[in-house]
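One structure below.
Residues take their numbers from the sequence shown, with the count starting at 1.
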Amino acid sequence: GDPLGWPLLRAALLDPTGAGWLALLGIAVVAVATRRWMASPRSARYRVVACQSLSESVSKLVLAPVGAGVAFRPGQFAWLRLAPRWAEEHPFTVSSATSDRPNIEFTIRHLGDFTDQLRRLGPGDEVWLDGPHGSFTPNLRSRTGLVLIAGGVGIAPMRAILRAAAQDVLSQQSIRLLLTDRPGT
């Protein structure tokens, strides 16, 4: 049998319109990959300051920038990779407040090979962050109040938001936090 892509490629080559669309798709994929992994202006190198075990399955990873770091807001996330450019990467939510800058802190639940590798990082090890991403960043100076709902390690962005609110003397919000540690609730 043919490999999966051959029937599609053969059909596209027999049809000039299909070939044009396939070429455009290929160009788009290359452009996105180039922008994402090779020319990303938000990618920065960090060194591990500490990797502290909080429980059997959760750790706190504290990173310091090598050179100029990036400015994160509470509730945003970054793609973390252990080596530059083409390495495997995963998204993690920043759990530190803005006053912790230039350091960045992540709360990580160890559920697989990648997160188990993070658990073994030691002071001085290098990682790369691509971010900040996301817009889960509330206006802490609003007077309307805030309700935060989280489960398990989902407390990470809420922790950053709560810490930022506690450190902002101008914040006038009433904040409510609902937290559960039971899976599925």
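Hydrophobic clustering (ILVMFWY, side-chain heavy atoms < 4.5 Å, transitive): Tyr46 and Val48 are in one cluster. Hydrophobic clustering of Ile, Leu, Val, Met, Phe, Trp and Tyr side chains at less than 4.5 Å, counting indirect connections, unites Val94 with Leu121. Residue Val147 is grouped with residue Leu178 when hydrophobic side chains (ILVMFWY) are merged at heavy-atom distances under 4.5 angstrom, including chains of intermediate members. Placement of Val49 and Ile108 in two distinct hydrophobic clusters is found when ILVMFWY residues are connected by side-chain heavy-atom separations under 4.5 Å, directly or transitively.
At least one side-chain heavy atom of Leu63 sits under 4.5 Å from a side-chain heavy atom of Leu80. Looking at Leu118 and Phe106, their side chains never come closer than 4.5 Å, going by heavy atoms from C-beta outward. Between Leu82 and Gln117, some side-chain heavy-atom pair lies under the 4.5 Å cut-off. Within the 4.5 Å cutoff, side-chain heavy atoms of His110 are placed close to those of Ser59. Side-chain contact between Arg81 and Asp130 is present, with heavy atoms from C-beta onward closer than 4.5 Å.
Between Thr93 atom OG1 and Phe72 atom CZ the span is 10.5 Å, to the nearest 0.5 Å. Remark: Arg109 CZ to Ser55 OG distance equals 7.0 Å, nearest 0.5 Å. Rounding to the nearest 0.5 Å places CZ of Phe114 at 8.0 Å from CD of Glu89.
The aromatic rings of His90 and Phe92 sit tilted, their planes meeting at an angle between 30° and 60°.
Listed by chain and number, the hydrophobic cluster partners of Leu54 are Val58, where partners are ILVMFWY side chains within reach of under 4.5 Å, directly or through others.
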Expected list for residues 153-161: side-chain donor-acceptor pairs under 3.5 angstrom, two or more places apart:
| residue | atom | partner | partner atom | Å |
| --- | --- | --- | --- | --- |
| Arg159 | NH1 | Ser95 | O | 3.3 |
| Arg159 | NH1 | Glu105 | OE2 | 2.4 |
| Arg159 | NH2 | Glu105 | OE2 | 3.1 |

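Each salt bridge (Lys or Arg N to Asp or Glu O under 4.0 Å) pair with one or both residues in residues 45-54, not counting sequence neighbours, appears once here: Arg45-Glu126, Arg47-Glu126.
Of all the heavy atoms in Pro102 and Pro65, the pair that sits closest is O-CD, 3.3 Å. Of all non-hydrogen atoms in Trp79 and Pro91, the two that sit nearest each other are CZ3-CD, 3.3 Å. A pairwise comparison of heavy atoms in Ser96 and Ile104 identifies OG-CA, 3.7 Å as the closest pair.
Atom CG of Asp113 sits in a sparse spot, with 12 or fewer heavy atoms from other residues, nucleotides or ligands closer than 6.0 Å.
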